[in-house]
Enquirer: 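I have a structure I would like to understand better, so I am pasting it below and will then ask my questions one at a time.
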Amino acid sequence: MSEEKSLNFIEEIISQDLALGKYESILTRFPPEPNGYLHIGHAKSICLNFGLAKHFGGKTNLRFDDTNPAKEDIEYVDSIKEDVKWLGFEWAKECYASDYFDQLYAFAVILIEKGLAYVDDSTAEEIAQQKGTPTVPGTGNDYRNRSIQENLELFAAMKAGKFADGEKVLRAKIDLASPNMHMRDPLLYRIKRAHHHRTGDAWCIYPMYDFAHGQSDSIENITHSICTLEFIPHRALYDWCIEQLGIYASHQYEFARLNMTYTVMSKRKLLQLVEEGHVESWDDPRMPTISGMRRRGYTAGSIRDFCDRIGIAKRENIIDLSLLEFCVREHLNKIAQRRMVVTNPIKLIITNYDKGEEVLHSENNPEDPNGGTREVPFSNELWIEREDFMEEPTKKYFRLGPGLSVRLKSAYIVTCESFEKDAAGNITTVHVTYHPDSKSGQDTSGMHVKGTLHWVSAKHAVPVVLNEYDRLFKVEDLAAAEGDFKDYINADSLKKVIAYAEPALSNDGLDARFQFLRKGYFYQDTKSTKDHLVFNRTVTLKDTWAKEQKK
RNA sequence: UGCCUGAUUGUGUAACGGUAGCACGACUGUUUUUGGUGCAGUUUGUCUUGGUUCGAAUCCAGGUCAGGCAACCA
């Protein structure tokens with residue numbers, strides 16, 4: 001009982017708020033802008049926001065922060081909803097900042113009436129210049145002194161489409177000398193004639209983030225508005241708007257965004273990878289997007305577990321990819337169907353096997369006692385991995401070599417008698433004799449071997465394509481790497497290999513999770529068909545032999 | 001030469017003035033019909049200098065380092 005998990009700092013705040021009776025229940029929100037696909041960094045935020053609500057008995061809204069029609073699209077809205085659902089979360093309400101455009105406009109009018117906002121005719125460059133720098137205070141302009149009446153009329157004219165794009169903006173009148181740059185008369189509205197995916201052409205002025213986000217939170221009665229660290233300087237403005245408008249006081253809290261080794265986590269960079277063809281699409285299995293990871297074979301549960309393990313804090317961080325891999329292996333180990341697939345084959349001929357063929361049985365998952373077995377055809381001609389035979393075995397090599405014995409998984413123990421090479425000196429065929437009394441499950445041979453190999457009966461084998469993925473980038477910390485991030489793209493992040501699979505694989509469902517014995521975890525690609533099976537490697541198995549060899 | 005965050009082992013994350021713990025990684029050993037899994041173990045850490053205190057990762061002061069802030073983006 002005393003080993004309850006310690007609370008993160010946001011959970012501390014909420015549990016205090018609740019204990020103090022500040023709220024009866026909490027309401028959080030996940031507020032993506034529909035301008036791209038969600039990635040693992042968003043998953044952290046989703047798990048946080050929905051997790052908080054679940055933990056404290058509250059609710060979470062899904063809100064699209066769609067205030068910039070130039071970049072947004074319904075395609076993204078749909079993918080975001082799909083991803084959140086797939087991750088296993090249900091939102092209380094589906095909201096859109098654009099649903100509040102009328103209300104937001106009314107809020108702006110209130111600020112103008114209070115003398116706290118004005119229409120500025122300056123160009124973007126002039127405004128930037130007048131803002132000063134972090135160490136030099138900004139300077140005002142004459143527009144700042146316009147009368148309330150004039151501002152009211154001009155703002156109405158802006159809305160009515162009387163001005164060209166960029167001709168005027170609405171600004172808050174706060175403090176041009178503030179040490180916080182965001183308080184130096186921030187822009188509230190800009191004129192932009194762009195077709196909005198929901199409001200169409202009804203508006204030609206759109207609110208800025210700072211004027212839309214906090215008020216949207218307030219309108220929905222969000223109690224805890226959680227965002228990432230870069231919004232810390234915005235908080236003063238967030239609070240200012242709410243206070244001046246006298247509306248429901250939502251509060252903003254910030255945590256550190258997720259960074260991961262060997263990948264990038266910004267929509268801009270991910271978009272670049274897609275547009276420049278470094279990957280196939282947003283859901284390319286090498287992408288850190290939710291859709292990419294789903295296609296690669298990650299389970300929603302393993303992603304939730306990952307988000308749970310990385311924790312929530314305010315310091316910058318970079319999480320090892322190995323933690324994500326650990327989470328998915330741990331889950332997949334429990335649920336994946338075991339199958340045998342040979343990727344780089346050499347022929348194994350059993351010289352004393354005269355039964356022609358027989359059907360053997362192999363367990364689907366040794367971790368699951370109720371997992372059952374499947375039929376695996378066996379014959380005197382098999383495929384085995386090229387790397388499972390060594391002409392001159394080294395000391396700790398437990399596999400096949402002249403005179404050596406191994407077990408064929410779920411079948412018999414075989415002993416190598418001879419082998420053949422082609423003209424180039426490559427091994428082509430290995431001849432073995434099998435031990436009839438060593439049959440799996442009824443072994444009376446008394447023999448003990450160190451190695452067990454996976455195999456596929458040659459005449460029953462089904463050809464499949466395997467996408468073997470590796471990390472997208474060659475360096476751990478892209479943020480610390482100098483120059484263009486694209487210089488560090490791993491050119492070998494995808495290897496397509498043709499492999500021989502046991503026939504059971506062609507009868508398995510599309511959603512099945514597989515472990516190809518001794519190879520890794522695989523998941524059928526979205527483009528896979530019955531006649532052309534394609535599997536994506538989610539993650540390899542841990543390979544202590546490979547490590548041993550490197551020594 | 002401003003303001004705002006932050007600094008605990010290789011990477012994350014706890015410890016709320018009282019034994020610096022947990023996870024991943026790495027490394028041993030062991031089990032195993034997957035060199036997988038499981039099990040047992042090991043693993044040079046509180047940025048720095050002062051101060052307060054019986055006692056400081058924690059409180060205070062100074063310093064150092066890292067990140068953020070000057071888009072008609074979110």
Side-chain angles (χ1 to χ4, degrees), chain A residues 5-8 12 31-33 35 65-68 70-72 120 122-124 127-129 131-138 165-171 178-184 187-192 205-206 208-210 212-213 227 229-236 254 256 261 267-268 309-327 329-330 333-334 338 340 362-363 366-367 396-399 406-411 413 438 440-441 443 449-454 476 479 515-520 540-549:
Chain A
K5 210 182 159 193
S6 59
L7 301 179
N8 65 49
E12 297 264 14
E33 182 189 14
N35 67 343
D65 225 340
D66 54 351
T67 57
N68 186 4
K71 291 186 177 177
E72 296 153 7
D120 193 328
S122 307
T123 64
I127 288 175
Q129 191 154 50
K131 272 197 181 175
T133 70
T135 52
V136 178
D165 287 11
E167 198 176 328
K168 285 179 169 47
V169 291
L170 183 72
R171 287 227 259 172
S178 171
N180 181 346
M181 296 298 292
H182 293 275
M183 297 298 270
R184 318 243 271 222
L187 270 64
L188 268 24
Y189 269 90
R190 77 284 215 186
I191 302 170
K192 180 178 285 199
I205 59 171
Y206 291 94
M208 300 290 289
Y209 166 85
D210 283 308
H213 202 98
C227 60
L229 254 26
E230 65 270 27
F231 291 97
I232 289 177
H234 295 250
R235 191 174 62 230
E254 311 87 8
T261 55
K267 278 187 194 170
R268 200 195 95 243
R309 286 170 183 268
I310 58 178
I312 301 294
K314 294 187 83 155
R315 57 185 103 91
E316 305 281 343
N317 61 79
I318 179 158
I319 309 285
D320 273 336
L321 179 61
S322 60
L323 180 62
L324 217 209
E325 294 184 336
F326 165 81
C327 292
R329 282 193 190 108
E330 187 178 58
N333 178 49
K334 292 195 184 102
R338 311 295 135 122
M340 294 197 282
S362 190
E363 75 271 14
E367 303 294 311
K396 289 183 186 167
Y397 192 76
F398 301 153
R399 309 177 186 180
V406 295
R407 172 171 292 281
L408 297 173
K409 174 70 182 174
S410 298
I413 292 176
S438 67
S440 200
D443 185 351
V449 293
K450 279 198 162 169
T452 300
L453 310 185
H454 63 279
E476 269 197 18
Q515 183 197 103
F516 293 166
L517 246 54
R518 304 207 296 145
K519 307 246 78 157
T540 60
L541 255 28
K542 258 170 74 177
D543 192 348
T544 50
W545 170 240
K547 272 184 207 164
E548 183 69 31
Q549 280 178 305

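A quick note: this is a predicted structure, and the numbers were derived from the prediction, not measured. Numbered from 1 within each chain, the chains take letters A, B, ... in sequence-line order.
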Enquirer: Checking all strands, does A:N317 fall into the base, sugar-phosphate, or nothing category for heavy-atom contacts under 4.0 angstrom?
Expert: sugar-phosphate

Enquirer: Compare the ring of A:W545 with the six-membered ring in the base of B:G35 and state whether they stack (centres under 5.5 Å, planes under 30°).
Expert: yes

Enquirer: Ignoring hydrogens and angles, answer whether the base of B:U37 and the side-chain atoms of A:R329 contain a donor-acceptor pair closer than 3.5 Å.
Expert: no

Enquirer: Would a distance-only check, ignoring hydrogens and angles, find a side-chain to backbone donor-acceptor pair under 3.5 Å from A:E330 to A:F326?
Expert: no

Enquirer: Does any N or O donor sit under 3.5 Å from an N or O acceptor when you compare the side chain of A:Q549 with the base of B:G35?
Expert: no

Enquirer: What nucleotide among B:C24, B:C72, B:U34 has an atom nearest to a side-chain atom of A:R338?
Expert: B:U34

Enquirer: Which one, B:U34, B:A14, B:A70, comes nearest to the side chain of A:A313?
Expert: B:A14

Enquirer: Taking only side-chain N and O atoms of A:K450, does any of them lie within less than 4.0 angstrom of OP1 or OP2 on B:U33?
Expert: no

Enquirer: Can you tell me the pairing partner of B:C22 across any strand shown, Watson-Crick or G-U wobble, with both distances under 3.5 angstrom?
Expert: B:G12

Enquirer: Does A:R309 contact B:G12 through a side-chain donor or acceptor facing the base, at a distance under 3.5 Å?
Expert: no

Enquirer: Provide the Watson-Crick or G-U wobble partner of B:C69, both distances under 3.5 Å; none if there is no partner.
Expert: B:G2

Enquirer: Measuring from the side chain of A:K542 (C-beta onward, heavy atoms only), which nucleotide among B:A15, B:U37, B:A74 has the closest atom?
Expert: B:U37

Enquirer: Does any donor-acceptor pair link the side chain of A:R407 with the base of B:U33 at a separation under 3.5 Å?
Expert: yes

Enquirer: Would you say the side chain of A:T135 and the base of B:U1 hold a donor-acceptor pair, judged only by whether the two atoms sit under 3.5 Å apart?
Expert: no

Enquirer: With stacking defined as ring centroids separated by under 5.5 Å and planes differing by under 30°, is A:F398 stacked against B:G35?
Expert: yes

Enquirer: Mind checking who B:U37 pairs with, Watson-Crick or G-U wobble, both distances under 3.5 Å?
Expert: none

Enquirer: Which of these nucleotides, B:G2, B:C4, B:U33, is closest to any side-chain atom of A:P179?
Expert: B:G2

Enquirer: Check whether the side chains of A:D120 and A:S122 place a donor and an acceptor atom closer than 3.5 Å, and report yes or no.
Expert: yes

Enquirer: Report the nucleotide, chosen from B:C72, B:G10, B:C69, that has the shortest atom-to-atom distance to any side-chain atom of A:P233.
Expert: B:C69

Enquirer: Applying side-chain contact (heavy atoms from CB on, under 4.5 Å), run through A:I127 and A:V169 and close with a yes or a no.
Expert: CA-CA 10 Å; A:I127 288 175; A:V169 291; 3.8 Å; yes

Enquirer: Is there a donor and acceptor pair closer than 3.5 Å between the side chain of A:Q515 and the base of B:U34?
Expert: yes

Enquirer: Can you see if the side chain of A:S178 gets near the phosphate of B:C3 - specifically, an N or O under 4.0 Å from OP1 or OP2?
Expert: no

Enquirer: Inspect the contact between A:E254 and A:R235 and indicate whether a charged nitrogen and a carboxylate oxygen are less than 4.0 angstrom apart.
Expert: yes

Enquirer: Mapping A:P366 and A:N333 to their closest nucleotides on RNA chain B, which lands nearer the 5' end?
Expert: A:P366

Enquirer: Indicate whether OP1 or OP2 belonging to B:G36 is found under 4.0 Å from a side-chain N or O atom of A:R518.
Expert: no

Enquirer: On the 0 to 90° scale, with breaks at 30° and 60°, tag the A:H234-A:H182 ring pair as parallel, tilted or perpendicular.
Expert: tilted

Enquirer: Does B:C59 have a Watson-Crick or wobble mate here (both distances under 3.5 Å), and if so which one?
Expert: B:G51

Enquirer: Checking base pairs now: Watson-Crick or wobble, both atom distances under 3.5 Å. What partners B:A7?
Expert: B:U64

